[in-house]
Amino acid sequence: MMKMKPVLKESLRLYKKNFPQLCLALLVQLVLRAMALSPLLFLAEQTLAPLAFLAIPLYLLIVLPARQNYALALKDMQAGGSVFSLQLICLKDYGKKLLRGLKGTVCILLWSALTIVSVTLLYAAYEGRWGLDVVTLMGICSSIGGGDFVNGLLIVAAAVAASCLLILLGCAVHSGSRHAAALGDKTLLKGRRMGLIALWFLGLLLVVPFAVLAVLTLGEYARTLLDTLMSLEMPSFSLNAKQTLVLVLGAVLLLLPFLPLKNLLPSVYLRMAKEKRDAAA
């Protein structure tokens, strides 16, 4: 497995050198996602709410190929070009890009299966669709918690949260797929999955500052959430103006600027691996 230090050094160099262009490319990615998710605005009107489901096909048709294009743009940037180019919205080989994106989506859904099933079952039980009433639900949680309802509720919540780690692992495992496709050599993934996983989780550290800010900002809601769940009522979620402003500013200052660096890591790793292999051939 290739050493990580040269990859980190090269990624940071490219990040600093191309920071303005990387930010513009990220903006294009965000705009495309906003376009795809725009049908969610129909949720504001109850009679039009079913139209919000249009966001699903739009997301698949717009965002998945765009992710493939972004990987190609990162490759072009490393070859001396610009990441902010028409490559970001290129329709060439659209079908192949869409199929690769769909394949990746299916893979992540498989990694997410345990979480999806768990949340679905909990929600169905909460709604009483299997004849479960409040007393029965409290009894189940109490038995899980050794006679303590709160402990049982926390154990169930922790188990569901732990299942989300599988989703993160799945994202890490498949993080290099689009970059290998951009380089035109899927064999680059062979024997390098562990390196890609390590880089993906290392890149995840870049979002920690924003995550800490979000936890601190939403701390009051988190404290009241448990009380709401203890009463077996459906929790409501709403942000006041101050919380919204803090989260928006936090995203702009602590999250968005570092996402390009996170995306660069697997791209640089596979490109350097390809160059090393070709030089040794």
| said: Are more than 12 heavy atoms, taken from residues, nucleotides or ligands other than Phe201, located less than 6.0 Å from that residue's CZ atom? | reply: yes
| query | Taking atom CZ of Arg193 as the centre, does the number of heavy atoms from other residues, nucleotides or ligands within less than 6.0 Å exceed 12? | reply | yes
Heavy-atom donor-acceptor pair, [X] side chain to [Y] backbone, under 3.5 Å:
X      : Y      : answer
Arg33  : Gln29  : yes
Gln78  : Leu74  : yes
Asn69  : Cys90  : yes
Gln243 : Thr217 : yes
Ser267 : His179 : no
Ser11  : Leu8   : no

Side-chain heavy atoms under 4.5 angstrom apart, residues restricted to Ile, Leu, Val, Met, Phe, Trp, Tyr: same cluster for [X] and [Y]?
X      : Y      : answer
Leu102 : Tyr94  : yes
Val106 : Leu99  : no
Phe19  : Leu27  : yes
Ile167 : Val207 : no
Leu249 : Leu247 : no

Any non-hydrogen side-chain atom of [X] less than 4.5 Å from a side-chain atom of [Y]?
X      : Y      : answer
Pro6   : Lys9   : no
Leu256 : Leu26  : yes
Val215 : Val212 : no
Val83  : Leu24  : no
Trp200 : Leu168 : yes
Leu196 : Leu189 : yes
Leu259 : Leu22  : no

Hey, what do you get for [atom1] ([X]) to [atom2] ([Y]), rounding to the nearest 0.5 Å?
X      : Y      : atom1 : atom2 : result
Leu188 : Lys274 : CG    : NZ    : 7.0 Å
Leu12  : Leu265 : CG    : CG    : 9.5 Å
Leu264 : Leu199 : CG    : CG    : 11.5 Å
Leu183 : Leu72  : CG    : CG    : 9.0 Å
Tyr59  : Leu64  : OH    : CG    : 6.5 Å
Thr105 : Leu110 : OG1   : CG    : 11.0 Å

Which atom pair, heavy atoms only, marks the closest approach of [X] to [Y]?
X      : Y      : answer
Leu254 : Leu213 : CD1-CD2, 4.1 Å
Tyr15  : Pro260 : CE1-CB, 4.3 Å
Ser82  : Gln21  : OG-CG, 3.8 Å
Leu32  : Ala66  : CD1-CB, 3.6 Å
Leu166 : Trp111 : O-CE3, 3.2 Å
Ala73  : Gln87  : N-CG, 3.9 Å

Using residues 35-45 as the side-chain source, report each donor-acceptor pair under 3.5 Å to any protein atom, sequence neighbours left out, with the distance given to one decimal.
unit_1	atom_1	unit_2	atom_2	d
Ser38	OG	Met35	O	2.7
Glu45	OE2	Thr47	OG1	3.3

| Candidate list Lys96, Arg100, Lys97, Arg178, test side chain to side chain donor-acceptor pair (under 3.5 Å), partner Gln68, passing option | Arg100
| Does the side chain to side chain contact (heavy atoms under 4.5 Å, CB included) test come out yes or no for Asp185 and Leu270, once each step is laid out? | CA-CA 10 Å; Asp185 190 353; Leu270 291 178; over 6 Å; no
| side chain to side chain contact (heavy atoms under 4.5 Å, CB included) between Val173 and Ile197, worked out | CA-CA 6 Å; Val173 168; Ile197 292 173; 3.7 Å; yes
| said: Does Arg277 form a side chain to side chain contact (heavy atoms under 4.5 Å, CB included) with Thr187? I'd like the steps, not just the answer. | reply: CA-CA 11 Å; Arg277 187 190 64 183; Thr187 62; 3.3 Å; yes
